[in-house]
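Note: hydrogens, waters and symmetry copies are ignored here, and every other heavy atom, side chains too, is used. No experiment lies behind these values; they were computed from the predicted model shown.
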Amino acid sequence: EKASLSNQNYPKSWDDKDDRELLRLHRTLHGNFKKIAMHFRRVQATPYFLQQRLKHVKTQKYQRRVRFSLKEDMIICRHVADFGKQWDKLATILTKRTPEMIKN
């Protein structure tokens with residue numbers, strides 16, 4: 001039986017600063033949760049916990065629909081030429097946007 005995030009798998013000292021660091025590391029380490037977990041040894045966060053936490057943080061962070069700025073539109077156009085329609089890669093560049101937001 002897999003434990004939920006609300007009990008023993010949830011690091012006791014996790015805070016907003018850790019959420020911001022998780023987002024940054026996810027971007028810089030290209031989603032390698034084993035490597036990301038090594039940065040959270042002090043709270044003993046597992047790769048599985050970090051994946052689930054990232055989903056939660058992104059869901060909370062992106063609940064509102066906000067128009068893209070001209071700068072964001074230009075970044076998307078430039079990088080679609082480089083990456084094609086790889087929305088996940090574009091989302092690592094536009095950190096305040098999910099792949100779904102960029103696609104739509």
*How long is the span from the CG atom in Leu25 to the CZ atom in Arg20, to the nearest 0.5 Å?*
13.0 Å

*asked:* How close do Pro99 and Asp88 get, counting heavy atoms only, and between which atoms?
replied: CG-OD1, 3.0 Å

*Report yes or no: do Leu54 and Val43 belong to one cluster of Ile/Leu/Val/Met/Phe/Trp/Tyr joined by side chain heavy-atom distances under 4.5 Å?*
yes

_So which atom in Ser13 and which in Asp18 form the shortest heavy-atom distance, rounded to 0.1 Å?_
O-OD2, 3.5 Å

*Does any non-hydrogen side-chain atom of Met74 lie less than 4.5 Å from one of Lys71?*
no

*How long is the span from the NE2 atom in His79 to the CD atom in Gln86, to the nearest 0.5 Å?*
13.0 Å

*Taking all non-hydrogen atoms of both residues, which atom of Val80 and which atom of Leu90 are closest, and how far apart?*
CG2-CD1, 3.8 Å

_Atom of Phe68, atom of Arg97 and distance for their closest heavy-atom approach_ = CA-NH2, 3.5 Å

*Got a second to check how far Arg53's CZ is from Leu22's CG, nearest 0.5 Å?*
8.5 Å

*asked:* Applying side-chain contact (heavy atoms from CB on, under 4.5 Å) to Met101 and Leu94, what does each step give before you reach the verdict?
replied: CA-CA 10 Å; Met101 293 168 108; Leu94 297 172; over 6 Å; no

*Can you tell if the side chain of Lys17 reaches within under 4.5 Å of the side chain of Asp15, non-hydrogen atoms only?*
yes

*Atom NZ in Lys55, atom CG in Leu50: separation rounded to 0.5 Å?*
12.5 Å

*Compare every heavy atom of Lys58 with every heavy atom of His26, then report the nearest pair and how far apart it is.*
CE1-NZ, 4.2 Å

_Angle between ring planes, Trp14 versus Phe40, binned at 30° and 60°: parallel, tilted or perpendicular?_
tilted

_Glu72 side chain to Ser69 backbone, donor-acceptor under 3.5 Å_ = yes

*Under the side-chain contact (heavy atoms from CB on, under 4.5 Å) rule, what do Thr92 and His30 come out as? Steps first, then yes or no, please.*
CA-CA 8 Å; Thr92 62; His30 309 290; 5.7 Å; no

*Carboxylate-amine/guanidinium proximity below 4.0 Å for Arg24 and Glu21*: yes

*Would you say Trp87 and Thr98 make side-chain contact, with heavy atoms under 4.5 Å?*
no

*Linking I/L/V/M/F/W/Y whenever their side-chain heavy atoms sit closer than 4.5 Å, directly or via other members, would Leu29 and Phe33 fall into one cluster?*
yes

*Closest non-hydrogen atom pair, Ile93 against Phe83*: CD1-CE1, 3.5 Å

